[in-house]
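Heads up, the thing below is written out as structure tokens.
Note that this is a predicted model, so its numbers are computed, not measured. Any value given below was found using the heavy atoms of this structure, including those in side chains, with hydrogens, waters and symmetry copies removed.
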Amino acid sequence: MHDIRLIRDDPAAFDAAMARRGLAPLAEAILALDSARRDALTTQQEGLARRNALSKQFGDFKKQGQNPPTDLVAELESLKHNLPQGDVDVAAKTEEIHALLSALPNRPAAEVPEGADEAGNVEVARWGTPRVFDFPPIEHADLGPPLGLDFETGALISGARFTFLRGQMARLHRALGQFMLDRQSGENGYTECNPPLLVKDEAAFGTGQLPKFAEDLFQTTEGRWLIPTAEVSLTNAVQGQILSDAALPLRMTALTPCFRSEAGAAGRDTRGFIRQHQFEKVELVSIARPEDSEAEHERMTAAAESILQALGLPYRRMLLCAGDMGFTARKTYDLEVWLPGQGAYREISSCSNCGDFQARRMNTRYRPEGGKGTEFVHTLNGSGLAVGRTLVAVLENYQQADGSVDVPEALKGYMGGLTLLVPQG
RNA sequence: GGAGAGGUGGCAGAGUGGUCGAAUGCACCGCACUCGAAAUGCGGCAUACCCGCGAGGGUAUCCAGGGUUCGAAUCCCUGCCUCUCCGCCA
């Protein structure tokens with residue numbers, strides 16, 4: 001959500017920022033609405049002030065046992081008749097401008113590169129050396145089934161984009177989640193959380209899924225939304241709050257299932273475990289002071305990278321261009337892991353600084369120490385990491401010629417003695 | 001799911017139709033006293049928005065939304081949430 005004052009102060013800069021996202025100029029229309037709303041509001045407030053004053057007189061007459069003069073009564077009568085319409089007028093204009101503003105994406109940070117889509121993303125770092133295979137590495141979709149990655153049963157009971165994990169594969173999946181959560185809540189200093197997976201409209205609005213992206217979510221019959229990421233639950237944990245300066249930064253992590261309808265992704269990644277309706281992810285969320293959010297973003301990205309490094313998975317860090325960033329982000333790093341079976345880098349984590357964009361939607365503020373009043377916090381979120389995609393990366397990077405898969409050193413303590421995944425039947 | 005109680009400022013907690021944006025206590029900030037601190041005294045201390053160059057003025061907010069009334073923290077309805085008891089249940 002944008003600060004309307006920012007648009008009033010510099011409409012051209014606002015339009016320029018939206019243009020980077022590929023949007024047509026909007027400031028003029030917004031400001032016209034804003035001006036109409038304020039006119040209506042001022043008129044209404046003058047009416048209310050008049051009513052309050054007259055009501056006081058009315059009460060004074062009554063208290064002295066006198067009947068209020070008829071012209072006083074008449075004016076009150078007319079105010080009583082007219083004020084509700086003024087309310088409706090103001091509410092309608094407020095709603096109109098709110099609807100418009102809440103559907104606009106965040107302004108990209110200055111250092112975010114120009115670009116319309118992923119082709120404009122910039123590689124800023126690369127870690128690890130892809131392993132040299134003495135046999136042709138295969139994709140996880142072919143490698144996985146004999147190891148317990150059961151796409152058929154997933155499709156049987158739930159349909160496309162659902163997978164059933166069995167035996168050693170289920171164990172490896174669990175090990176990955178536990179390992180990541182331990183790492184983030186331990187060394188990396190995030191507080192482990194176990195949040196609700198179903199949330200109210202307000203929460204989905206706060207993190208930006210609503211009103212624009214409802215079709216990407218699953219909704220229960222009684223109206224709650226299944227979280228598409230724990231970002232929604234963790235970030236909204238501070239909705240409506242005024243935090244103390246000393247409490248910041250707030251760092252939270254959670255391992256949760258995530259649910260996505262994948263509307264609009266028809267035909268993409270239909271094979272394999274990359275794009276599922278349900279997947280697990282360790283999420284990182286930080287609530288930070290504005291002046292610290294830049295550094296916090298780097299710290300968070302490093303926390304996500306620490307998992308890839310510990311698992312020995314080569315990756316690169318991409319700085320997303322303006323056109324490829326998510327709705328709420330002002331700056332985003334994607335981590336892309338090397339998948340030798342596909343011969344490509346694939347997204348496995350996305351770490352975003354949302355600035356005060358979500359904080360405004362949630363109305364989350366803090367009291368700066370020594371300062372006056374309150375200020376919106378900055379929110380950040382990142383995957384640390386997506387468990388399913390990490391499973392894919394482990395399979396493809398640690399595969400052997402005979403179709404077995406080595407368990408990475410870092411996971412051995414989580415595997416109950418299992419050090420090698422072996423094809424069954 | 002059934003029955004009951006309740007939701008007031010950072011916290012606790014008064015307030016049942018106008019004099020209430022709201023007593024009091026605690027916390028916090030400033031000043032005084034003090035070598036300093038504590039104690040004490042005095043003063044201050046909600047949020048958002050609108051008008052105004054400013055000084056300042058105004059509006060709204062006592063969970064939320066409706067309603068009654070000239071006027072609602074206070075009365076009525078609905079919803080949400082919390083607590084207690086019962087039922088069911090992992």
For [N], give the paired nucleotide (Watson-Crick: N1-N3 plus N6-O4 or O6-N4; G-U: N1-O2 and O6-N3; both under 3.5 Å), or none.
N	answer
B:G17	none
B:G9	none
B:G56	B:C51
B:A27	none
B:C88	none
B:U74	none
B:A46	B:U61
B:G4	B:C83

Side-chain heavy atoms of A:F357 within contact of A:S352, under 4.5 Å: no
Tell me the interatomic distance from [X], atom [atom1], to [N], atom [atom2], rounded to whole angstroms.
X	N	atom1	atom2	value
A:R51	B:G18	CZ	C1'	12 Å
A:R5	B:C50	CZ	C1'	12 Å
A:Q44	B:U61	CD	C1'	16 Å
A:R38	B:A60	CZ	P	20 Å
A:Q64	B:C70	CD	P	20 Å
A:K93	B:C50	NZ	P	16 Å
A:E202	B:G65	CD	C1'	13 Å

cation_pi(A:R317, A:Y315) dist<6.0 Å, angle<=45: no
Nearest listed nucleotide, side chain of A:L48, among B:A60, B:C49, B:G71: B:A60
Selected nucleotide, minimal atom distance to A:E77 side chain, candidates B:G58, B:C70, B:C50: B:C70
Integer angstrom distance from the [atom1] of [N] to that of [M]:
N	M	atom1	value
B:G6	B:U78	P	16 Å
B:C62	B:A55	P	29 Å
B:U8	B:C20	C1'	12 Å
B:U47	B:G41	C1'	31 Å

N/O (side chain, A:N52) to phosphate O (OP1/OP2, B:U59) under 4.0 Å: yes
Taking any heavy-atom pair under 4.0 Å as a contact, classify [X]: base, sugar-phosphate, or nothing.
X	value
A:R360	nothing
A:R50	nothing
A:D60	nothing

Salt-bridge present ([X], [Y]; N to O < 4.0 Å):
X	Y	value
A:E114	A:R20	yes
A:D142	A:R271	yes
A:R161	A:E262	no

5' precedence on RNA chain B between A:K200 and A:L54 (nearest-nucleotide basis): A:L54
Closest-nucleotide 5' rank along RNA chain B - winner of A:F58 and A:R365: A:R365
Test of ring centre spacing under 6.0 Å for A:H98 and A:F205: yes
